[in-house]
Amino acid sequence: MAYSVSKLTDYSAAALERASAELFSALGHEAAAVQSEADWKIFRDRWMARKNGILPQINDIWLKGAPKGAKREVGQHVNLIKERVEQAVAGAKVRYQIPTVPIAHAGSEISEVEFQRGALEKAGFVDITLPGVRRPIGAEHPVIKTMHEMVSVFQKLGYSVADGPVIETDYYNFEALNFPPNHPARDTQDTLFIAGQQGKPQRERLLLRTHTSPVQIRTMETMRPPIRIVIPGTVHRNDPPDASHSPMFHQIEGLAVDTNITFGDLKGTLDHAMKEFFGSSVKTSFRPSFFPFTEPSAEMFVSCFICGGSGKRGSDTCRPCKQTGWIEILGCGMVDPNVFEFVKDNGYDPKKVSGFAFGMGADRIALLKYGVDDIQLFFNGDVRFLEQWA
Ligand code: DAH
(Lines give C-alpha, C1' and ligand atoms only; values in the text may rest on other atoms or scores of the structure.)
Protein backbone atom coordinates (compact mmCIF):
# COMPACT_ATOMS: atom_id res chain seq x y z
CA MET A 1 0.00 0.00 0.00
CA ALA A 2 1.29 3.43 -0.90
CA TYR A 3 2.74 5.47 1.87
CA SER A 4 0.69 8.26 3.36
CA VAL A 5 1.46 10.63 6.17
CA SER A 6 -0.32 9.77 9.34
CA LYS A 7 -0.81 11.86 12.41
CA LEU A 8 1.63 11.39 15.23
CA THR A 9 0.22 10.55 18.59
CA ASP A 10 3.43 9.55 20.31
CA TYR A 11 6.20 12.18 20.23
CA SER A 12 8.84 10.16 22.03
CA ALA A 13 12.27 9.84 20.40
CA ALA A 14 11.66 6.16 19.63
CA ALA A 15 8.31 6.86 17.99
CA LEU A 16 9.75 9.67 15.88
CA GLU A 17 12.55 7.32 14.79
CA ARG A 18 10.01 4.66 13.80
CA ALA A 19 7.84 7.07 11.84
CA SER A 20 10.88 8.48 10.01
CA ALA A 21 12.18 5.02 9.18
CA GLU A 22 8.84 4.09 7.67
CA LEU A 23 8.92 7.23 5.56
CA PHE A 24 12.55 6.64 4.42
CA SER A 25 11.75 3.11 3.42
CA ALA A 26 8.87 4.27 1.24
CA LEU A 27 11.03 7.02 -0.21
CA GLY A 28 13.74 4.54 -1.13
CA HIS A 29 11.33 2.11 -2.81
CA GLU A 30 9.60 4.79 -4.79
CA ALA A 31 12.88 6.39 -5.88
CA ALA A 32 14.18 3.04 -7.09
CA ALA A 33 11.07 2.53 -9.23
CA VAL A 34 11.62 5.71 -11.24
CA GLN A 35 12.52 4.73 -14.79
CA SER A 36 11.55 7.61 -17.00
CA GLU A 37 11.09 11.31 -16.98
CA ALA A 38 7.32 10.85 -16.60
CA ASP A 39 7.85 8.57 -13.56
CA TRP A 40 10.24 11.07 -12.10
CA LYS A 41 7.81 13.97 -12.37
CA ILE A 42 5.14 12.00 -10.61
CA PHE A 43 7.64 10.97 -7.94
CA ARG A 44 8.85 14.55 -7.47
CA ASP A 45 5.37 15.99 -7.20
CA ARG A 46 4.15 13.29 -4.85
CA TRP A 47 6.97 14.11 -2.42
CA MET A 48 7.62 17.78 -3.00
CA ALA A 49 4.59 19.53 -4.56
CA ARG A 50 3.68 22.55 -2.48
CA LYS A 51 0.10 21.49 -2.54
CA ASN A 52 -0.36 18.13 -0.91
CA GLY A 53 3.19 16.88 -1.40
CA ILE A 54 4.42 14.56 1.35
CA LEU A 55 7.00 17.07 2.56
CA PRO A 56 4.50 19.91 3.14
CA GLN A 57 2.19 17.41 4.82
CA ILE A 58 4.94 16.33 7.17
CA ASN A 59 5.51 19.95 7.97
CA ASP A 60 1.83 20.57 8.63
CA ILE A 61 0.86 17.37 10.35
CA TRP A 62 4.01 16.43 12.25
CA LEU A 63 5.63 19.74 13.04
CA LYS A 64 2.72 22.11 13.43
CA GLY A 65 0.73 19.47 15.29
CA ALA A 66 3.50 18.79 17.79
CA PRO A 67 3.11 19.88 21.39
CA LYS A 68 5.42 22.69 22.41
CA GLY A 69 7.88 20.49 24.28
CA ALA A 70 8.42 18.17 21.32
CA LYS A 71 8.79 20.84 18.59
CA ARG A 72 12.58 20.91 18.69
CA GLU A 73 12.96 17.19 18.34
CA VAL A 74 10.30 16.92 15.61
CA GLY A 75 11.91 19.88 13.81
CA GLN A 76 15.21 18.04 13.64
CA HIS A 77 13.55 14.97 12.13
CA VAL A 78 11.64 17.08 9.64
CA ASN A 79 14.83 18.81 8.51
CA LEU A 80 16.53 15.50 7.95
CA ILE A 81 13.53 14.22 6.03
CA LYS A 82 13.55 17.31 3.84
CA GLU A 83 17.21 16.79 3.05
CA ARG A 84 16.74 13.11 2.23
CA VAL A 85 13.72 13.75 0.03
CA GLU A 86 15.60 16.38 -1.95
CA GLN A 87 18.54 14.04 -2.37
CA ALA A 88 16.33 11.17 -3.45
CA VAL A 89 14.53 13.30 -6.02
CA ALA A 90 17.80 14.58 -7.51
CA GLY A 91 19.34 11.09 -7.35
CA ALA A 92 16.38 9.42 -9.07
CA LYS A 93 16.73 11.80 -11.98
CA VAL A 94 20.40 10.94 -12.43
CA ARG A 95 19.71 7.26 -12.19
CA TYR A 96 17.21 7.02 -15.00
CA GLN A 97 19.34 9.29 -17.18
CA ILE A 98 22.50 7.22 -17.04
CA PRO A 99 22.71 3.92 -18.85
CA THR A 100 22.67 0.81 -16.68
CA VAL A 101 26.18 -0.10 -15.62
CA PRO A 102 27.33 -2.80 -18.04
CA ILE A 103 28.69 -6.08 -16.65
CA ALA A 104 32.22 -5.22 -17.80
CA HIS A 105 32.24 -2.30 -15.42
CA ALA A 106 30.72 -4.11 -12.53
CA GLY A 107 33.87 -6.05 -11.58
CA SER A 108 36.27 -3.60 -10.03
CA GLU A 109 35.29 -0.87 -7.65
CA ILE A 110 37.40 1.80 -9.28
CA SER A 111 36.28 1.26 -12.83
CA GLU A 112 32.63 1.23 -11.75
CA VAL A 113 32.96 4.45 -9.80
CA GLU A 114 34.79 6.06 -12.66
CA PHE A 115 32.25 4.82 -15.13
CA GLN A 116 29.43 6.25 -13.04
CA ARG A 117 31.23 9.48 -12.62
CA GLY A 118 31.67 9.81 -16.39
CA ALA A 119 27.98 9.15 -16.90
CA LEU A 120 27.04 11.61 -14.17
CA GLU A 121 29.17 14.27 -15.72
CA LYS A 122 27.55 13.62 -19.08
CA ALA A 123 24.16 14.06 -17.44
CA GLY A 124 25.33 17.35 -15.95
CA PHE A 125 25.45 16.09 -12.35
CA VAL A 126 28.21 15.41 -9.90
CA ASP A 127 27.03 13.03 -7.23
CA ILE A 128 28.87 14.27 -4.19
CA THR A 129 27.52 11.40 -2.12
CA LEU A 130 29.64 8.84 -4.01
CA PRO A 131 32.71 7.65 -2.15
CA GLY A 132 35.92 9.24 -3.41
CA VAL A 133 38.23 7.38 -5.71
CA ARG A 134 41.16 6.32 -3.60
CA ARG A 135 44.40 6.50 -5.54
CA PRO A 136 47.11 4.11 -4.45
CA ILE A 137 49.97 6.07 -2.89
CA GLY A 138 52.65 4.13 -4.76
CA ALA A 139 56.18 3.43 -3.64
CA GLU A 140 59.70 4.23 -4.68
CA HIS A 141 61.03 1.77 -7.24
CA PRO A 142 63.74 -0.38 -5.63
CA VAL A 143 66.39 0.84 -8.10
CA ILE A 144 65.49 4.49 -7.56
CA LYS A 145 65.42 3.89 -3.80
CA THR A 146 68.92 2.39 -3.98
CA MET A 147 70.13 5.39 -5.99
CA HIS A 148 68.63 7.85 -3.52
CA GLU A 149 70.21 6.05 -0.57
CA MET A 150 73.64 5.90 -2.19
CA VAL A 151 73.45 9.54 -3.32
CA SER A 152 72.53 10.65 0.18
CA VAL A 153 75.58 8.87 1.61
CA PHE A 154 77.74 11.11 -0.59
CA GLN A 155 75.63 14.20 0.02
CA LYS A 156 76.44 13.83 3.71
CA LEU A 157 80.12 14.00 2.73
CA GLY A 158 79.51 17.32 0.98
CA TYR A 159 78.98 16.07 -2.56
CA SER A 160 76.42 17.76 -4.81
CA VAL A 161 74.27 16.04 -7.42
CA ALA A 162 74.88 16.61 -11.14
CA ASP A 163 73.18 15.23 -14.20
CA GLY A 164 73.48 15.26 -17.96
CA PRO A 165 71.74 14.06 -21.14
CA VAL A 166 71.00 10.41 -21.88
CA ILE A 167 71.42 11.10 -25.61
CA GLU A 168 75.06 12.07 -25.74
CA THR A 169 77.70 12.89 -28.33
CA ASP A 170 80.63 10.66 -29.17
CA TYR A 171 82.86 13.43 -27.81
CA TYR A 172 81.53 13.35 -24.24
CA ASN A 173 80.83 9.63 -24.06
CA PHE A 174 84.23 8.56 -25.45
CA GLU A 175 86.69 11.07 -26.84
CA ALA A 176 87.02 13.44 -23.88
CA LEU A 177 87.21 10.41 -21.58
CA ASN A 178 90.37 9.33 -23.36
CA PHE A 179 88.81 6.72 -25.64
CA PRO A 180 90.36 7.87 -28.95
CA PRO A 181 88.37 7.13 -32.16
CA ASN A 182 88.72 3.47 -33.12
CA HIS A 183 90.43 2.63 -29.83
CA PRO A 184 89.68 -0.98 -28.81
CA ALA A 185 88.58 0.18 -25.32
CA ARG A 186 85.37 1.36 -27.01
CA ASP A 187 84.50 -2.28 -27.65
CA THR A 188 84.02 -2.84 -23.91
CA GLN A 189 80.86 -0.74 -24.08
CA ASP A 190 78.57 -2.11 -26.79
CA THR A 191 77.01 1.14 -27.90
CA LEU A 192 73.57 2.01 -29.30
CA PHE A 193 74.11 4.71 -31.93
CA ILE A 194 71.42 7.06 -33.20
CA ALA A 195 70.81 6.30 -36.90
CA GLY A 196 71.57 8.70 -39.76
CA GLN A 197 74.54 10.51 -38.20
CA GLN A 198 77.18 9.55 -40.78
CA GLY A 199 77.15 13.02 -42.34
CA LYS A 200 78.51 14.59 -39.12
CA PRO A 201 82.08 14.61 -37.83
CA GLN A 202 82.53 11.61 -35.51
CA ARG A 203 82.74 13.62 -32.28
CA GLU A 204 79.29 15.18 -32.93
CA ARG A 205 77.49 11.92 -33.66
CA LEU A 206 74.76 11.04 -31.21
CA LEU A 207 74.47 7.86 -29.20
CA LEU A 208 72.78 6.65 -26.02
CA ARG A 209 75.32 7.21 -23.26
CA THR A 210 76.89 3.93 -22.18
CA HIS A 211 77.89 5.27 -18.76
CA THR A 212 77.42 8.33 -16.55
CA SER A 213 81.09 9.30 -16.92
CA PRO A 214 80.42 11.92 -19.68
CA VAL A 215 78.80 14.06 -16.98
CA GLN A 216 82.28 14.32 -15.39
CA ILE A 217 83.40 16.30 -18.46
CA ARG A 218 80.20 18.32 -18.74
CA THR A 219 80.42 19.35 -15.09
CA MET A 220 84.10 20.24 -15.27
CA GLU A 221 83.31 22.43 -18.29
CA THR A 222 80.90 24.50 -16.22
CA MET A 223 82.26 24.32 -12.66
CA ARG A 224 85.77 25.26 -11.69
CA PRO A 225 87.67 23.13 -9.16
CA PRO A 226 87.37 22.17 -6.39
CA ILE A 227 84.36 19.91 -7.12
CA ARG A 228 82.76 16.94 -5.49
CA ILE A 229 79.80 15.52 -7.38
CA VAL A 230 77.68 12.40 -7.65
CA ILE A 231 75.80 11.63 -10.84
CA PRO A 232 72.91 9.15 -10.72
CA GLY A 233 71.41 8.29 -14.10
CA THR A 234 70.16 5.98 -16.80
CA VAL A 235 72.53 4.42 -19.32
CA HIS A 236 72.11 2.08 -22.31
CA ARG A 237 74.12 -0.68 -23.91
CA ASN A 238 73.41 -3.10 -26.71
CA ASP A 239 73.23 -6.07 -24.33
CA PRO A 240 70.47 -8.62 -24.90
CA PRO A 241 68.20 -8.82 -21.86
CA ASP A 242 68.70 -11.75 -19.50
CA ALA A 243 68.61 -12.28 -15.72
CA SER A 244 71.62 -10.03 -15.13
CA HIS A 245 71.61 -7.74 -18.21
CA SER A 246 69.25 -5.07 -19.42
CA PRO A 247 69.82 -2.73 -22.39
CA MET A 248 68.78 0.09 -20.02
CA PHE A 249 70.26 0.25 -16.56
CA HIS A 250 71.43 2.74 -13.92
CA GLN A 251 74.74 4.03 -12.68
CA ILE A 252 75.97 6.28 -9.94
CA GLU A 253 79.14 8.13 -10.80
CA GLY A 254 81.35 10.20 -8.53
CA LEU A 255 84.07 12.74 -9.08
CA ALA A 256 86.25 14.72 -6.68
CA VAL A 257 88.84 17.17 -7.96
CA ASP A 258 90.98 19.44 -5.83
CA THR A 259 94.64 20.11 -5.13
CA ASN A 260 96.50 17.14 -3.63
CA ILE A 261 93.80 14.51 -3.95
CA THR A 262 95.41 11.10 -3.56
CA PHE A 263 94.57 7.44 -3.95
CA GLY A 264 94.34 7.39 -0.16
CA ASP A 265 91.43 9.86 -0.36
CA LEU A 266 89.75 7.59 -2.91
CA LYS A 267 90.11 4.54 -0.68
CA GLY A 268 89.06 6.34 2.49
CA THR A 269 86.00 7.93 0.87
CA LEU A 270 84.75 4.75 -0.76
CA ASP A 271 85.43 2.60 2.31
CA HIS A 272 83.41 5.02 4.43
CA ALA A 273 80.59 5.17 1.87
CA MET A 274 80.32 1.36 1.65
CA LYS A 275 80.17 1.06 5.44
CA GLU A 276 77.43 3.68 5.52
CA PHE A 277 75.48 1.94 2.79
CA PHE A 278 75.93 -1.77 3.52
CA GLY A 279 76.64 -1.64 7.25
CA SER A 280 79.73 -0.89 9.32
CA SER A 281 81.02 -4.46 9.29
CA VAL A 282 81.80 -4.60 5.54
CA LYS A 283 85.39 -4.39 4.36
CA THR A 284 86.63 -3.07 1.02
CA SER A 285 89.30 -4.42 -1.29
CA PHE A 286 90.83 -2.63 -4.28
CA ARG A 287 92.23 -4.62 -7.19
CA PRO A 288 94.09 -3.25 -10.23
CA SER A 289 92.02 -2.72 -13.36
CA PHE A 290 91.89 -0.58 -16.49
CA PHE A 291 89.69 2.31 -17.57
CA PRO A 292 90.85 4.80 -20.21
CA PHE A 293 89.87 7.81 -18.09
CA THR A 294 91.61 6.81 -14.83
CA GLU A 295 95.22 6.02 -14.05
CA PRO A 296 95.78 4.03 -11.96
CA SER A 297 92.41 2.22 -12.09
CA ALA A 298 90.87 -0.28 -9.74
CA GLU A 299 87.85 -2.43 -9.12
CA MET A 300 86.49 -2.19 -5.63
CA PHE A 301 84.98 -5.19 -3.88
CA VAL A 302 83.08 -5.28 -0.61
CA SER A 303 83.13 -8.26 1.70
CA CYS A 304 79.93 -10.21 1.03
CA PHE A 305 77.19 -8.67 3.17
CA ILE A 306 75.08 -11.77 2.67
CA CYS A 307 77.45 -14.46 4.03
CA GLY A 308 79.60 -12.08 6.08
CA GLY A 309 82.61 -12.85 3.86
CA SER A 310 82.76 -16.56 4.62
CA GLY A 311 81.55 -17.71 1.20
CA LYS A 312 79.14 -20.10 2.95
CA ARG A 313 75.55 -19.98 4.14
CA GLY A 314 75.19 -22.73 6.69
CA SER A 315 76.20 -25.88 4.86
CA ASP A 316 75.36 -24.26 1.48
CA THR A 317 77.60 -22.12 -0.69
CA CYS A 318 76.89 -18.39 -0.93
CA ARG A 319 75.62 -17.71 -4.44
CA PRO A 320 75.74 -13.89 -4.59
CA CYS A 321 79.53 -13.83 -3.95
CA LYS A 322 80.14 -17.11 -5.78
CA GLN A 323 81.76 -18.48 -2.61
CA THR A 324 84.56 -15.91 -2.77
CA GLY A 325 83.35 -13.82 0.16
CA TRP A 326 83.70 -10.68 -2.01
CA ILE A 327 81.30 -8.79 -4.27
CA GLU A 328 82.46 -6.43 -7.01
CA ILE A 329 80.71 -3.10 -6.60
CA LEU A 330 82.42 -0.45 -8.70
CA GLY A 331 85.20 0.78 -10.94
CA CYS A 332 87.37 3.68 -9.82
CA GLY A 333 90.69 5.39 -10.16
CA MET A 334 92.63 8.62 -10.26
CA VAL A 335 91.46 10.94 -13.05
CA ASP A 336 93.82 10.48 -16.00
CA PRO A 337 95.76 13.70 -16.82
CA ASN A 338 94.66 13.25 -20.45
CA VAL A 339 91.06 13.83 -19.30
CA PHE A 340 92.00 17.08 -17.53
CA GLU A 341 93.59 18.25 -20.79
CA PHE A 342 90.09 18.47 -22.34
CA VAL A 343 88.91 20.89 -19.61
CA LYS A 344 92.24 22.53 -18.84
CA ASP A 345 90.93 26.00 -19.75
CA ASN A 346 88.39 25.88 -16.94
CA GLY A 347 91.02 25.52 -14.21
CA TYR A 348 91.83 21.82 -14.52
CA ASP A 349 95.55 22.01 -15.20
CA PRO A 350 96.77 18.44 -14.58
CA LYS A 351 99.93 19.89 -13.07
CA LYS A 352 97.91 21.70 -10.42
CA VAL A 353 94.88 19.55 -9.66
CA SER A 354 94.26 15.86 -9.14
CA GLY A 355 91.12 13.87 -8.55
CA PHE A 356 89.46 10.53 -8.24
CA ALA A 357 86.40 9.08 -9.91
CA PHE A 358 84.20 6.05 -9.47
CA GLY A 359 81.18 4.48 -11.11
CA MET A 360 78.83 1.75 -9.94
CA GLY A 361 75.79 -0.10 -11.26
CA ALA A 362 72.74 0.72 -9.16
CA ASP A 363 70.63 -2.14 -10.49
CA ARG A 364 73.14 -4.79 -9.46
CA ILE A 365 73.37 -3.30 -5.98
CA ALA A 366 69.57 -3.31 -5.73
CA LEU A 367 69.45 -6.95 -6.90
CA LEU A 368 71.90 -7.95 -4.18
CA LYS A 369 70.38 -5.78 -1.50
CA TYR A 370 66.83 -6.99 -2.02
CA GLY A 371 67.70 -10.58 -2.95
CA VAL A 372 66.11 -10.36 -6.41
CA ASP A 373 67.44 -12.90 -8.90
CA ASP A 374 66.31 -11.39 -12.22
CA ILE A 375 66.97 -7.78 -13.29
CA GLN A 376 64.07 -8.00 -15.77
CA LEU A 377 61.67 -7.93 -12.82
CA PHE A 378 62.75 -4.34 -12.17
CA PHE A 379 61.71 -3.14 -15.60
CA ASN A 380 58.78 -5.16 -16.88
CA GLY A 381 56.33 -3.10 -14.89
CA ASP A 382 54.47 -5.84 -13.02
CA VAL A 383 52.75 -4.03 -10.18
CA ARG A 384 52.58 -7.22 -8.09
CA PHE A 385 56.38 -7.26 -8.00
CA LEU A 386 56.76 -3.55 -7.33
CA GLU A 387 54.08 -3.53 -4.61
CA GLN A 388 56.45 -5.48 -2.39
CA TRP A 389 58.28 -2.22 -1.71
CA ALA A 390 55.09 -0.29 -0.92
N1 DAH B 1 82.19 4.23 -16.60
C2 DAH B 1 82.67 2.93 -16.19
C3 DAH B 1 81.77 1.87 -16.77
O4 DAH B 1 80.63 2.13 -17.05
C5 DAH B 1 82.67 2.81 -14.66
C6 DAH B 1 83.71 3.69 -14.05
C7 DAH B 1 84.95 3.15 -13.79
C8 DAH B 1 83.47 5.00 -13.76
C9 DAH B 1 85.95 3.95 -13.22
C10 DAH B 1 84.44 5.80 -13.19
C11 DAH B 1 85.69 5.24 -12.94
O12 DAH B 1 84.25 7.07 -12.91
O13 DAH B 1 86.63 6.01 -12.38
O14 DAH B 1 82.19 0.76 -16.94
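Whatever order the structure lists them in is the order used to number ligands and atoms, beginning at 1. From a predicted model like this one, the values you see are computed outputs, not experimental measurements.
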Salt bridge present between D382 and R384 (N-O < 4.0 angstrom)
yes
With hydrogens left out, which residues have an atom under 4.0 Å from ligand 1, given that only heavy atoms count?
Q189, H211, S213, Q216, R237, Q251, E253, F291, F293, T294, G331, C332, G333, A357, F358, G359
Exercise: do E253 and S213 side chains pair donor with acceptor under 3.5 Å:
yes
Run the salt-bridge test on E168 and R218 with the 4.0 Å N-O cut-off and return the result as yes or no.
yes
Show which residues join L192 in its hydrophobic cluster (side-chain heavy-atom contacts under 4.5 Å, direct or indirect), or state none.
I167, I194, L206, L208
Going by atom types alone, do W62 and Q57 pair a side-chain donor with an acceptor below 3.5 Å?
no
Side chain of R205, backbone of T169: donor and acceptor closer than 3.5 Å?
no
